[in-house]
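Let me begin by presenting the structure, written as structure tokens, before commenting on it.
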Number of protein chains: 2
Amino acid sequence: MNKNGRIKSIQTAFELIEGLEQLDGARASTLADHVDRPISTVHDYLKTLEEIQYVTKADNVYRPGTRFLEIGEAERMKQPLYRVAEPELESLADETGELVSLMIEEHGKGVLLDIKEGEDAIQLHTYPGVRMPLHSSALGKCILAHLPDERVDEIIDEHGLPAMAKNTVTDRDTLDEQLTKVCEQGYVIDRGERIDGVLCLAAPILGTTDNVKGSICVCSPTSRIDNETDLERIRDAVVRTANMIQVNLNYSGAR
Amino acid sequence: MNKNGRIKSIQTAFELIEGLEQLDGARASTLADHVDRPISTVHDYLKTLEEIQYVTKADNVYRPGTRFLEIGEAERMKQPLYRVAEPELESLADETGELVSLMIEEHGKGVLLDIKEGEDAIQLHTYPGVRMPLHSSALGKCILAHLPDERVDEIIDEHGLPAMAKNTVTDRDTLDEQLTKVCEQGYVIDRGERIDGVLCLAAPILGTTDNVKGSICVCSPTSRIDNETDLERIRDAVVRTANMIQVNLNYSGAR
DNA sequence: GAATCCGTTTCGACTATTCCGGAAATACTA
DNA sequence: TAGTATTTCCGGAATAGTCGAAACGGATTC
């Protein structure tokens, strides 16, 4: 009767890998303790994973190997959106001097596909692949706004609206209001909704049928944007870049 | 009797993921065909992998998800060598205008941990995480030269000395000769051993007990290096950068 | 609007595999 | 050298994975 949650050993295998990641490498016994399973079982798993070279072992300390990087990076390079956006993000970072990011949606979460640092970029120690809730950032709200309503419901049902920073919107009605506004104005500003003291200005990237492909943003310390002109300059740059990417993506052979 | 190759389902799971990677995304039936397994089995696996969010599904086409990128990138950021080397590689790329790479050894293969492109860099479409034989590049030979002899034997036993380009060294004795020379002179030049028409100049990065941590290199089209002075300039830059990384790595708290 | 075809998904019984306690081997400490 | 901690090996009981067959879904044609 293998109905839902089909193949258990796969689930445990990845649970162990995630454990190794969290513990920043671990011995068999430490990991066994961490995931609360018999040592011998954990040992069997680690041995297998090491044999197929997805995990490395040095001085009895296991860690996830570079194959994850290889697969992840190869997959990223295949995404048309990434290929088109990458050089544009680079120039946007140069032009503004700020931190620039590209987000896509996966399994109901926001995933940063690329990050570029301009001259004066703030350090958020994010990295390609990090996941975050969609409701708590300008990037995410750009995406939510252009997703079918039913999908938005699904996502919020599953993940809720947890507060990530002081100004995170945690109320469904307020969020809905904001989302409808996004579609009109074509960009989103968030002031400390994802991270306190950080202002993000984001714009969506749409496909040919108004489906969202992703979103880009510029992040800056709130204090640095002290007048309307600064904000306008950034807004124009972001919107222009998003348009550029969108056009290149939709009319250049890449699907 | 689960003696070697312990947990089979894990092996198949990763076999399927690699299949998806090679096929650049695939439907259940296509993948089943590719790995020669019953469709229903493949379906069970894909369903599980999708449920735990390591694989995405769009229009019945499955692909590896961004979690691989997340894990790989997180792991990379934790490597002291990467953290120390990254900014230095950046300046080396700026200074030379060429393609710069960082390699480490894992499971007997060379893995590129980072790649930086200078102004006039050649495009080798490599990416972080790619694997290659150790014997067939300047980068790899730097590493082999400083590995214990028995480990070198092991590696060559397992992987052989396949030719990657016209000038690849495929003879064990020649290789051994070259390796002893490396330790004396402290750098390696390869002319078209990994890729035809590409010259690589590499230097090792050693730990406190002369164990190898990795190696760095500059790659250039052979035609561009047309006199001894050019070569010397590059050599000095590479050796200097390697030293810089080595010192920072060994004497800065990071193990 | 049936009928046909294609791939996907479900089901479930058989049995190969996994799980894990316990013991052996190995590494580390004092 | 003895003592402790950890890893590794082993093997049988029971669970969980495999895969044929059948149901489903959705496109396309007649």
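Every chain is numbered from 1, with letters handed out A, B, ... down the list of sequences. Everything quoted here is computed from the prediction, not taken from an experiment.
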Any donor-acceptor N/O pair under 3.5 Å between D/dC19 base and B/Asp44 side chain: yes
For the pair made of CG in B/Leu49 and C1' in D/dG17, what is the distance, rounded to whole Å? 14 Å
Short side-chain N/O contact from A/Lys57 to OP1 or OP2 of D/dT8, under 4.0 Å: yes
Rounded distance (Å) that lies between atom C1' of D/dG17 and atom NZ of B/Lys8: 11 Å
What I'd like to find out is whether the side chain of B/Ile71 reaches to under 4.5 Å of the side chain of B/Tyr54, using heavy atoms alone. yes
Could you state the atom-to-atom distance from CG of B/Asp59 to P of C/dG7 in whole Å? 16 Å
Can you label the angle between the A/Phe68 ring and the B/Phe68 ring as parallel, tilted or perpendicular, going by 30° and 60°? parallel
Which whole-number value in Å describes the distance from B/Leu31 CG to D/dC19 C1'? 16 Å
A/His43 has a side chain; which of D/dT7, C/dC20, D/dT18 sits nearest to it? D/dT7
Starting at atom CZ of A/Arg6, determine the distance to atom C1' of C/dT8, rounded to an integer number of angstrom. 12 Å
How is A/Arg37 classified with respect to the nucleic acid when contacts are heavy atoms under 4.0 Å: base, sugar-phosphate, or nothing? nothing
On DNA chain D, check which nucleotide each of A/Ser9 and A/Thr30 is closest to and give me the residue with the more 5' one. A/Thr30
Quick one: which of D/dG17, D/dT8, C/dG21 gets closest to the side chain of A/Ser40? C/dG21
Whole-Å distance between D/dG26 P and B/Arg27 CZ? 13 Å
For atom NE2 of A/His34 and atom P of D/dT6, their distance in whole Å: 17 Å
Is the shortest side-chain heavy-atom distance between A/Ile115 and A/Pro128 below 4.5 Å? yes
Using heavy-atom distances to pick each residue's nearest nucleotide on DNA chain D, tell me which of A/Ile10 and A/Ile39 is more 5'. A/Ile39
Salt bridge or not for A/Glu106 and A/Arg131, using N-O below 4.0 Å? yes
Under the 3.5 Å rule, do the base of C/dG7 and the side chain of B/Ser29 count as making a donor-acceptor pair? no
Among D/dG20, D/dG17, D/dT7, the one nearest any side-chain atom of A/Asn60 is D/dT7
Salt bridge between A/Asp24 and A/Arg63, side-chain N to carboxylate O under 4.0 Å? yes
Can you measure A/Tyr45 atom OH to D/dT8 atom P for me and round it to whole angstrom units? 18 Å
Are OP1 or OP2 of C/dC19 and a side-chain N or O of A/Thr41 less than 4.0 angstrom apart? no
